[in-house]
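First comes the structure, then the notes that go with it.
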There are 2 protein chains.
Amino acid sequence: MVKRTSMDKAPCPIARSLDAIGDWWSLLIVREAFGNVRRFNEFQKRLGLAKNILAARLRDLVAEGILEMQPASDGSAYQEYVLTKKGRRLVTVMIALWQWGEENLFEPGEVPTRLLDKETRQPLRKLQLQTADGHPVRPSDIMIGAPAPVPELRARK
Amino acid sequence: MVKRTSMDKAPCPIARSLDAIGDWWSLLIVREAFGNVRRFNEFQKRLGLAKNILAARLRDLVAEGILEMQPASDGSAYQEYVLTKKGRRLVTVMIALWQWGEENLFEPGEVPTRLLDKETRQPLRKLQLQTADGHPVRPSDIMIGAPAPVPELRARK
DNA sequence: CCGTATCCATTCCGATACTG
DNA sequence: CAGTATCGGAATGGATACGG
């Protein structure tokens with residue numbers, strides 16, 4: 001996506017994820033898609049980005065299998081962009097980003113847009129790391145279980 | 001960070017988060033920092049990025065308060081980069097990305113680097129969305145609790 | 001309404017080369 | 001070792017203008 005040294009073959013899931021959705025607009029588009037935005041123009045208005053960029057991003061997201069195109073639900077002749085199952089699974093990433101931003105990037109006076117449980121209208125519980133058997137885990141309790149984070153397979157020509 | 005229309009004043013936490021760490025290398029650097037990488041050269045070797053880029057990214061991350069510089073622990077004359085508390089809180093974001101990538105971006109035959117609980121050496125439990133009172137939440141059960149996702153119009157009154 | 005095609009400015013990345 | 005100084009190429013992003 002971003003030229004770089006494309007890490008889509010790296011064994012590190014983070015590198016791959018970033019390769020897939022690590023550019024700036026992708027996750028914002030996904031965020032809107034979660035909010036049931038489906039139409040090109042709707043995305044464009046809400047995000048305020050140029051149409052060519054939006055078109056490119058949507059194309060990429062469709063190619064990645066995160067969005068898919070469907071016939072319009074309102075009978076118009078156009079297509080709509082909706083999240084695939086894979087795309088919907090990004091919800092955890094979004095929430096993680098949301099909660100981190102909420103906690104670390106707002107001044108006392110500022111009010112972030114909140115994310116709520118639809119039923120109770122209460123904020124969600126913060127995501128928590130847990131061991132397989134359900135115990136809490138601190139950042140320092142984590143280790144990487146394989147050779148190298150970013151191997152040199154993508155070394156040099 | 002990526003020029004754009006800098007959204008660091010947007011009320012949406014995702015936009016702000018992306019503004020802070022949404023570019024390509026930042027999270028990879030943070031990932032290494034979680035793995036106790038602290039030295040300039042160490043980052044450079046492991047990530048394989050150009051030194052000027054690395055320098056710029058490190059500078060930004062320090063400016064954001066995600067990394068901080070400390071005197072070297074081994075007595076050498078240099079500084080080390082270590083995660084701040086704010087930086088360490090990014091662990092949830094990293095895990096979310098890690099788990100999503102692991103689940104969605106690897107072919108059956110491929111083996112991702114795993115992330116383990118240090119004590120048991122078992123993979124972590126998948127992050128789960130929950131309501132404030134601990135019930136599971138599906139993506140469709142979520143709503144946004146404020147005016148507009150990216151409202152420039154509700155700027156300041 | 002949904003895009004594609006252009007043009008242009010900015011930024012990013014990679015690869016040296018060069019100091020302290 | 002830890003950067004800074006450059007340079008060029010690629011890609012991003014913004015703003016229209018133009019077709020389906």
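Naming convention: chains lettered A, B, ... in sequence-line order (proteins, then strands); numbering from 1 in each chain.
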Under 3.5 Å, is there an N or O donor on one side and an acceptor on the other linking the side chain of [X] and the base of [N]?
{"X": "A:N52", "N": "C:dG3", "value": "no"}
{"X": "B:Y78", "N": "D:dC1", "value": "yes"}
{"X": "A:N41", "N": "C:dG3", "value": "no"}
{"X": "A:D23", "N": "D:dT12", "value": "no"}

Please determine, for the side chain of [X], which listed nucleotide ([options]) has the closest atom?
{"X": "A:A50", "options": "D:dG13, D:dA15, D:dA2", "value": "D:dA15"}
{"X": "A:R39", "options": "D:dA15, C:dC1, C:dT4", "value": "C:dC1"}
{"X": "B:W25", "options": "C:dC13, D:dT4, C:dA15", "value": "C:dC13"}

Return the value, rounded to whole Å, for the distance between atom [atom1] of [X] and atom [atom2] of [N].
{"X": "B:R57", "N": "D:dG3", "atom1": "CZ", "atom2": "P", "result": "15 Å"}
{"X": "B:L67", "N": "D:dA2", "atom1": "CG", "atom2": "P", "result": "15 Å"}
{"X": "B:L49", "N": "C:dT16", "atom1": "CG", "atom2": "P", "result": "15 Å"}
{"X": "B:L54", "N": "D:dA5", "atom1": "CG", "atom2": "P", "result": "16 Å"}
{"X": "B:I53", "N": "C:dC12", "atom1": "CD1", "atom2": "C1'", "result": "6 Å"}
{"X": "B:L47", "N": "D:dA2", "atom1": "CG", "atom2": "P", "result": "14 Å"}
{"X": "A:K51", "N": "D:dG20", "atom1": "NZ", "atom2": "C1'", "result": "12 Å"}

Any side-chain N or O of B:R59 less than 4.0 Å from the OP1 or OP2 oxygen of D:dG3?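 Answer no for this pair, as no side-chain N or O of B:R59 is under 4.0 Å from OP1 or OP2.
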Please determine whether a side-chain nitrogen or oxygen atom of B:W24 lies at a distance below 4.0 Å from atom OP1 or OP2 of C:dC13.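 No, because none of the side-chain N or O atoms of B:W24 sits under 4.0 Å from OP1 or OP2 of C:dC13.
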Quick one, B:T84 with B:R89, criterion side-chain hydrogen bond (donor to acceptor under 3.5 Å, both in side chains). Give me CA distance, side-chain angles, the key distance, then yes/no. CA-CA 9 Å; B:T84 61; B:R89 290 198 200 104; over 6 Å; no
Greater than 12 external heavy atoms within 6.0 Å of A:K118's NZ: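 For A:K118, atom NZ is crowded (more than 12 foreign heavy atoms under 6.0 Å).
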So what does B:Y81 touch, heavy atoms closer than 4.0 Å: a base, only the sugar-phosphate, or nothing?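 If one applies the 4.0 Å heavy-atom cut-off, B:Y81 turns out to touch the sugar-phosphate alone, with no base involved.
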